[in-house]
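To keep things clear, I will list the structure first and then write my remarks on it.
These numbers were taken from a predicted model, which means no experiment stands behind them.
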Amino acid sequence: MDAFASLFESQSSGRNSWSYDSLKNFRQISPTVQNHLKQVYLSLCCALIASAFGAYLHILWNIGGFLTTVGFGATVMFLLATPPHKEQKRVSLLMAAGVFEGASIGPLIELAIDFDPSILVGAFVGTALAFACFSAAAMLAKRREYLYLGGLLSSGLSIMCWLSVASYFFGGSLAMFKFELYFGLLIFVGYMVVDTQDIIEKAHLGDLDYVKHALTLFTDFVAVFVRILIIMLRNASDKEEKKKKKRRN
């Protein structure tokens, strides 16, 4: 948690020093890496569109569930096992993974649409803004500045997984669910920063696999979006319950 605090403190303390000169930090990113990042973010946008299509398919035919989750995992494994020179095949697999993932979270999206469509829009806009801000922070920061957080984030993710397993076998409380929800949100927001810097560093070292890098950012985006959407739905549901109680009284 101290590492997360130092991340936000360093960003807040640096606001006063941010100027036109600070934007020149983009010059430390070579033209080759800049072009690579354009490909990564373009592929990410296409994957998100494919994911929206998958959610739409679920709303039409109720296909989202265990099978689509397995399909997403299998597609990702197939993509990672495919050689980088088979570019078209890997891009197609990325889009297929997006469709499977969209169908998998389709039930949650359908619930949000039925409850209040504005919640879905707000969750997506909030996730997009958070993603843009933290990605920009990672690009403007010095190279490798936040990579040290990777180990802490991996440890936090491992703790969260063990807590989920314990809750599954021994039953979980509402407090545990809220902890996993907010702690998971913090973890994946941190991954947005670390993964962005990691992609830039790998590109500088010659790893220009934009499909794999787009997949990494896609999983971060979806993980944050799902958690923000659940939080907003819970808050809206709690407000609705309070209103009903007041009417009864």
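Just one of V193, L185, L186 meets the side-chain contact (heavy atoms from CB on, under 4.5 Å) condition when paired with V189; it is L185. When the options L215, L94, L217 are evaluated for a side-chain contact (heavy atoms from CB on, under 4.5 Å) with L44, the one that passes is L217. Partner of V226 under the side-chain contact (heavy atoms from CB on, under 4.5 Å) criterion, chosen from L229, V222, I228: V222. The residue from I105, L108, D220 that alone fulfils the side-chain contact (heavy atoms from CB on, under 4.5 Å) condition with F225 is I105. For the pairing with D209, the salt bridge (Lys or Arg N to Asp or Glu O under 4.0 Å) check across K202, R90, K86 returns one residue only, R90.
Between L37 and M139, the closest heavy-atom pair is CD1-CE, 4.1 Å. Taking each heavy atom of H213 and I199 in turn, the nearest pair found is ND1-CG2, 3.5 Å. In terms of heavy-atom proximity, I187 sits nearest to L157 at CD1-N, 4.2 Å. Residue F72 comes nearest to A97 through the heavy atom pair CD1-O, 3.2 Å, listed as atom of the first residue, atom of the second, then distance. Nearest heavy-atom pair, V40 versus A214, reported as atom, atom and distance to 0.1 Å: O-CB, 3.6 Å. Residues A203 and H36 share a closest heavy-atom pair of CB-CD2, 3.7 Å.
Side-chain atoms of Q197 come within 3.5 Å of backbone N or O of Y146 as a donor-acceptor pair. Looking at E180, its side chain never comes within 3.5 Å of a backbone N or O of M160 through a donor-acceptor pair. In this structure a side-chain-to-backbone donor-acceptor pair under 3.5 Å is missing from E101 to S51. With hydrogens and angles ignored, the 3.5 Å screen pairs a side-chain donor or acceptor of S104 with a backbone N or O of F100.
F53 CZ: 12 or fewer foreign heavy atoms inside a 6.0 Å radius. No more than 12 heavy atoms of other residues, nucleotides or ligands sit less than 6.0 Å from atom OH of Y56.
Note on V70 and L93: separate hydrophobic clusters, where clusters join Ile, Leu, Val, Met, Phe, Trp and Tyr whose side-chain heavy atoms are under 4.5 Å apart, directly or indirectly. I231 and V125 are assigned to two separate hydrophobic clusters, defined by single-linkage of ILVMFWY side chains at heavy-atom distances under 4.5 Å.
Considering CD1 of I119 and CZ of R234, their distance stands at 12.5 Å, rounded to 0.5 Å. Atom OH in Y182 sits 12.5 Å away from atom CZ in R227 (nearest 0.5 Å). With rounding to the nearest 0.5 Å, the separation of CG in L233 from CG in D238 is 10.5 Å.
Put simply, the side chain of T219 does not reach to within 4.5 Å of the side chain of V76, judged on heavy atoms. Contact annotation: the side chain of L208 approaches that of T32 to within less than 4.5 Å [non-hydrogen atoms, C-beta and beyond]. Contact of the S43 side chain with the F218 side chain is not registered, since no non-hydrogen atoms from C-beta on lie closer than 4.5 Å.
Between F221 and F131, the ring planes lie perpendicular to each other; the angle is over 60°, past the 30° to 60° tilted range. Between F179 and F183, the ring planes are parallel. Angles under 30° get that label, and only those over 60° would be called perpendicular.
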